[in-house]
Every structure is written in C-alpha cells, then in structure tokens.
Asks: 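Let me give you the structure first, and then I'll get to my questions.
None of these values were measured; they are calculated from a predicted model. Quick note: numbers below take in every heavy atom, side chains included, and nothing from hydrogens, waters or symmetry partners.
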There are 2 protein chains.
Amino acid sequence: MNPGAKPFTIQDVARIAGVSAMTVSRALNTPQKVSPDTLERVREAVRRTNFVPNAMASGLRRARARLVAALLPTMVGPVFQEMVEALDLALHERGYQLMIGQSGYDATREDELLRAIVQRRPDGVVVTGVVRSEEGRRVLRASGIPVVETWELTPTPIDMLVGFSHPAIGAAVVDYLHARGHRHVAMVSAGDPRALTRVAAFTERAEALGMQTSLTAFTAAPSTMGAGRAGLAELLARAPGVTAVFCSSDMLALGAAIEARERGIAVPGQLAIVGMGDQSFAADAAPPLTTVRIDGTRIGRLAAEMMVARAEGQAPAAPVVDIGFSIVERAST
Amino acid sequence: MNPGAKPFTIQDVARIAGVSAMTVSRALNTPQKVSPDTLERVREAVRRTNFVPNAMASGLRRARARLVAALLPTMVGPVFQEMVEALDLALHERGYQLMIGQSGYDATREDELLRAIVQRRPDGVVVTGVVRSEEGRRVLRASGIPVVETWELTPTPIDMLVGFSHPAIGAAVVDYLHARGHRHVAMVSAGDPRALTRVAAFTERAEALGMQTSLTAFTAAPSTMGAGRAGLAELLARAPGVTAVFCSSDMLALGAAIEARERGIAVPGQLAIVGMGDQSFAADAAPPLTTVRIDGTRIGRLAAEMMVARAEGQAPAAPVVDIGFSIVERAST
DNA sequence: TTGTAAGCGTTATCAC
DNA sequence: GTGATAACGCTTACAA
C-alpha cells in the first residue's frame, strides 16, 4: 500500500500524456471524440498511473452520482437476498452502482442512515418496507431523489412503490387452511410491523370464518430456527389442540417442523405448518414446507427499472405495483 | 416527491438565515464556534429547508468521505452476517458510514466493483477474502486507500489483514475426528477458493494419519440445504463406508443431517457430521451440529478499528491478525 | 464570532 | 479534435 499517497488526478494524467485535462476527460467518457493517436497516449498515461477518476468531483459537476442506495432492515437471513441480487444486477446493467446500508429494525437508526444516504445525492433510493418516520419521509421528499418503497403496500407512498399486501397474505393462509379442514389455527411470528399486519389479518379472518384461534407466539428479533422451536413449544403448551400453524418466516417454520418431529408430532398428520418466503431450504426440508412465495427477483428488477426511468427523466410505466404472492403447497400441510 | 427539484444548498440556507455560508457550515460542524443566537437562526433555516449537506462537495474539499466500503462475495446465507453487523456497528460509532457492494463469486465483477469503489474515494475498503486479481490489487494499492483483507491469511496482504487459516481448519477437523476413532472420512464442500484450501488440507492430513479418505462431493454455487442433501447422497453412493463427513458450511451440514435422517442413518451413531460457521441454527438442529466456529464479530470489529486508525493517520496496533477458530462440539459427532 | 477568497477534481461550454 | 475557463457545493486559511 501507499498510505496517505495522494492518488493521481486528471491533471497529472494530462501532463504525462501531454494533453489538457479536458482531453483526458473525453478520452475516458467519449473516446469517439478523440483522435486515435491521442487516445492511445492518454490510455498509456492512465495505465501507468493507475488513474481512477474521482467520483465525488464528477458527481458534483454532473449532479448525477450513478449510484442507487438500498436500505435493508437487516442482512439476517436470505429473506431479502433475491431482491437485492436482482436489484444489483439490473442496476449494474444500466451502469449504476448499488450501495447497501443496513438500518437494523430500528427507527432512529433508519433516520440516520437516510440522512447519510441523502448526503451522497444518489440517483435513487430503494427502501425495504415503507418509511415510517415522518422525519425520514420529509428528508426524502425534500431531497428530490426518486424513491421506491418495497415489500408492502401503502395508500401514501413517498414516490414509487412495488410491494404486496400483508393483510391479504394473512387472510389467504387462513382460507387455505380452512379449505383443508382446519378449525383451530395459530401463528408463530416475529414482531416486525409487516409480520404484525399479517397476524392481525390472520386472526380476523379466522374469527370471521368461525375458526378457533390461539394467541400468536411471538419470537425475539432474529427469526432463527431456535426461535421457531421455542415458539412452537410455547404454543403447544398453551393450545395443545391447534392443528395448523402459520410461521412468519421459513426459518421459523423449519424450527417448528424440527420441534414437532422431536416431540413425535406428525407433520402434517397431527400438525400442519406453513412458512413464508419460499427460501431455498423450504423445498428441501423434511417434510418439504408449504409456504407463501414472494417474487423477490421481480421486486428487485421492477424497482431498478422504475428508479432508472425516473433518474433519466422519464415517468415510470406504473409508479405503484402490487406484485402479489402465491401459496406454494408442499408436504407440510 | 419533488422530481428533479434542486435541493437547497448551503448558500440558500445562509441567505434565509441572514448569515454567510461559512457560518452555516460552522453551525453544522462545530456549533460551539457559533453564537447561540446565530446558531438558532441557522437551525431554523435548516429545518425549514430540510437542508442536507452535499457529501460529494464536502468530501471533495476535505478529502475524506467518512465512508468505508465492504466487498462481499455474496449475500447468500448468513455466513458473513456477524462480520458485517459488527463492522457496521463499529464504524457507525466512529462516525463512518458503511457501504456494501456484492461481487458475486466472480473475478471480473470483483474488479469492476473495486474500481467503482475506488472512484468514490472511501476512507477504507474491507474485502472478504484476499483480493486475487493482479488488476484489483494494483488499483487498490495505487489508490492509497487503507485496505483490510479478511477471512483468510496470505503472506502478501495488500495492506492490513484479519483472518484465519483455512488449511489449519481442515487439519484440525481431521485430528478431531481421528481422536474420536474415525478412520474413514470425507467432505461435502462448496467450490470457492477458501473451501478448496480446507479440502486440500483435510485430505492431506487424513492421509498423513493413515486414514481412508473418499473423494469430496462438490456442491454447486450456493450452499443450500438441498445441496447438502444431494452432496451426502452422492458421497454415500460412492463411499458407503464413510463414518464422518466435514461439510464446508452449516447449511450443507444441516442438509446432510436431514438426508441421513431420511435414510435412517443414525447421527452420530453411524455417521458423524461436522459443519462450519456456527451459524445460529447449528445449535438448534436435531441433533445439534458440531461445527467450526469463526468469531465473525471479532473480525468485523478489528477490521473497523484498523481501518479507522489508518484513516486517521495512526498506525494500527497490528496490521495482520490471525484470529484463529475453534471446534464447537455438539451432538452430531 | 463572523466573513471573504480560494480551491478540492471534474466536466459543460464555448472558442479555436 | 483540442484547449481555456468557469462552475458544481462545500470547507480551509486567513482577515476583520
């Protein structure tokens, strides 16, 4: 390394190539506007100096950072992985770089991160979930930066949105279980806002159908397999008669399936289990997990497209998209 | 939103507050150098405009971006999660923002990402694994940006390093299994460079101890539970006499454990299984998994400390740290 | 305590 | 096809 060594600037390269800084800039950005001869001299100078242009300077001048920021509540688990990968890929193809920041599931932290992001003047911001704090919404709105909220719906998006309805999921899972003959159901759930919405709709729908519901077993923050085991244990202690459980993530469902197995409870014979997310392991569990599938890849791709359209001055085809969900039926129900 | 609206600048705020831009800058960065009275007027103007300073401009002038970039090979699985979270937390405490980029397990992509990162002139770069391409190493070195390579050792780090020895892990697991009486061992492994190093050392050590080894079952790119199941199936078809398997990740080990169970093979009675990573689910599997633990939190924290020390002009206490590993013994062996 | 001037590295614009 | 100049928004250095 070269600690503290000032990297070469475009001026240095220009001097070495015997041209002006402007010509170096052209050689780098619009090579067709430079004579082949000059181009070669500049390229040689760039090679020799390992010159890499300063994006803060060019971003400042161009007022475009070619950067899109994504806010994730957490990297825990593969929940948002599909979305992030699709987003990264789609943006990369369009010449944008993705920058990821983690907010934790914490509102204060989210506001701070939002500020730090707006400071860098990215060409767009993708947030996971809707922005809840008034402060955060104000900062984003005032910044004029295109925003895509994802992963849920709201009647009042900041700007664009691509998500799905959590209440609809809660209700759909109840309907599915009801159709399969279940009359006493419950949930093992994390406590984040989106999961809570599903819980509420689940309970409401079950009651509307005259089913018996037992109090949801809530798990501590990270949705681990251990939490799923503990959650099911708690539930069974309280409500031994439950015949079907909807877990708020596949990891919890996997834990619940293991706990059931250890207790000699047959799945799905005595207890049906439904997960959420259709993560890679859901299909390979024993038994394979019935789960709610969200097309994360599609969310990521759509978000990227909307973002880029807006960044380049066009209006996105549709600023708000509900991508829906599907129940993938496997052997656990 | 406010598409295309130019956000307010420090000049706008200055005008509104009736002071100079410099005073606004001071009010924001060194409030103690501004009279309480003026401070209040500036704060009011900031509030009214929702002003957020432009980090490209201040970074350009200060030559410090207060930004650290981390390169992850992939977000698949929670392998690097502990490290990223510790890194994020430690940097946040010191006033730096973490920016994450994914390189995929692809060398070309890694070089591109490295360039994109160097362009933003972060105060430091943390890479997962050592940088393998000569191109990437040159770019980083020439940039003068502090670099911490992590997660493995090399005699030729670019700058700083905090990692552990993969060959030592391969050998240690063999020793552990040998001591437990196993004489025929094999691996189910992913094919990334670090895993390959463990495979090589594992095989070599086993042969040195006169143990029988069977060809490693290699799994396709993402280390999923399904890959673990398939890997064990392949291995058993080829080498039914194996009594112990070392899997290159806990996810693979979990899959192997499930596959064994489905086949009626007792774990650990007929087959011992060792995982790698000590991820959250390892302790809660049935049976709980013996695994190799890496202190990802410590890696993240140390990397942040080194980075910040160097960024602030001090020499880090030790530029190269081997944090070692430990074998966590549970019921799967 | 506050303000003025200059400059960080790049590119848009206009001239040659 | 190439170059000089100014400007992007902020902060350092210096002056008042």
Asks: Report the residues that fulfil salt bridge (charged side-chain N to carboxylate O under 4.0 Å, His left out) with B/Arg66, sequence neighbours left out, ordered by chain and then residue number.
Replies: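 B/Arg66 satisfies salt bridge (charged side-chain N to carboxylate O under 4.0 Å, His left out) with B/Glu312 only.
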Asks: Under 4.0 Å from a heavy atom of chain B: give me the 5'-most and 3'-most nucleotides of DNA chain C that qualify.
Replies: C/dT1 to C/dG9
Asks: Tell me which residues in residues 34-41 of chain B lie within less than 4.0 Å of DNA chain C, going by non-hydrogen atoms.
Replies: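 By residue number: B/Val34, B/Ser35, B/Thr38.
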Asks: Over all strands shown, is B/Phe8 touching base, sugar-phosphate only, or nothing at heavy-atom distances under 4.0 angstrom?
Replies: nothing
Asks: Quick one: closest heavy-atom pair of A/Arg121 and A/Ala65, and the distance?
Replies: O-CB, 3.5 Å
Asks: D/dG9 C1' sits how many Å from B/Asp12 CG, rounded?
Replies: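 After rounding, the gap between these two atoms is 10 Å.
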Asks: Just to verify, what does A/Arg138 make a side chain to side chain donor-acceptor pair (under 3.5 Å) with, not counting sequence neighbours?
Replies: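 With neighbours one apart ignored, the set is A/Glu135, B/Asn50.
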Asks: Got a sec, which residues hit side chain to side chain donor-acceptor pair (under 3.5 Å) with B/Asp123, two or more places apart in sequence or on another chain?
Replies: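 If we apply the side chain to side chain donor-acceptor pair (under 3.5 Å) test to B/Asp123, skipping adjacent residues, there are no hits.
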Asks: Please list, chain by chain and in numerical order, all residues satisfying salt bridge (charged side-chain N to carboxylate O under 4.0 Å, His left out) with A/Arg41, sequence neighbours excluded.
Replies: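 So A/Arg41 forms a salt bridge (charged side-chain N to carboxylate O under 4.0 Å, His left out) with A/Asp37.
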Asks: Can you give each donor-acceptor pair under 3.5 Å made by side-chain atoms of residues 147-155 of chain B, sequence neighbours left out, with the distance rounded to 0.1 Å?
Replies:
from     : atom 1 : to       : atom 2 : distance (Å)
B/Glu149 : OE1    : B/Ile158 : N      : 2.8
B/Glu149 : OE2    : B/Val131 : N      : 2.9
B/Thr150 : OG1    : B/Val127 : O      : 2.8
B/Glu152 : OE1    : B/Arg132 : NH2    : 3.1
B/Glu152 : OE2    : B/Val130 : N      : 3.2
B/Glu152 : OE2    : B/Arg132 : NH1    : 3.4
B/Glu152 : OE2    : B/Arg194 : NH1    : 3.1
B/Thr154 : OG1    : B/Thr156 : N      : 3.1
B/Thr154 : OG1    : B/Thr156 : OG1    : 3.3

Asks: What's the spacing between A/Tyr96 OH and A/Asp88 CG if we round to 0.5 Å?
Replies: 15.0 Å
Asks: What pairs of residues pass the salt bridge (Lys or Arg N to Asp or Glu O under 4.0 Å) test when at least one of them lies in residues 13-28 of chain A, not counting sequence neighbours?
Replies: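 As it turns out, the salt bridge (Lys or Arg N to Asp or Glu O under 4.0 Å) pairs with a partner in residues 13-28 of chain A, which skip direct neighbours, are A/Asp12-A/Arg15.
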Asks: Rounded off to whole Å, could you give me the CG-to-P distance for the B/Asn54 and D/dG9 pair?
Replies: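 Interatomic distance, CG of B/Asn54 to P of D/dG9: 7 Å.
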Asks: Mind jotting down which residue pairs meet the salt bridge (Lys or Arg N to Asp or Glu O under 4.0 Å) criterion with at least one end in residues 45-56 of chain A? Sequence neighbours excluded, please.
Replies: A/Glu40-A/Arg47, A/Glu44-A/Arg47
Asks: Which heavy atom of B/Ile117 sits nearest a heavy atom of B/Ala69, and at what distance?
Replies: CG2-CB, 3.6 Å
Asks: Between B/Val42 and B/Ala17, what is the shortest heavy-atom contact and its length?
Replies: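 Answer, listing the atom of B/Val42 first, then B/Ala17: CA-CB, 4.0 Å.
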Asks: Need to verify one output field. Residue with the more 5' nearest nucleotide on DNA chain C, A/Met56 or B/Lys33?
Replies: B/Lys33
Asks: Quick one: what's the B/S/- string for nucleotides 11-16 of chain D, heavy-atom cutoff under 4.0 Å, read 5' to 3'?
Replies: BBB---
Asks: What are the two closest heavy atoms between A/Arg43 and A/Pro31, and how far apart are they?
Replies: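 Of all heavy-atom pairs spanning A/Arg43 and A/Pro31, the closest is NH2-CB, 4.1 Å.
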Asks: Applying salt bridge (charged side-chain N to carboxylate O under 4.0 Å, His left out), can you list everything that pairs with B/Arg94, at least two apart in sequence or on another chain?
Replies: B/Glu305
Asks: How large an angle, rounded to 10°, do the end axes of the helix from C/dT1-D/dA16 to C/dC16-D/dG1 enclose when each is built from five base pairs?
Replies: 30°
Asks: Hey, which of these two, B/Thr23 or A/Val52, hits DNA chain C nearer its 5' end, going by closest nucleotide?
Replies: B/Thr23
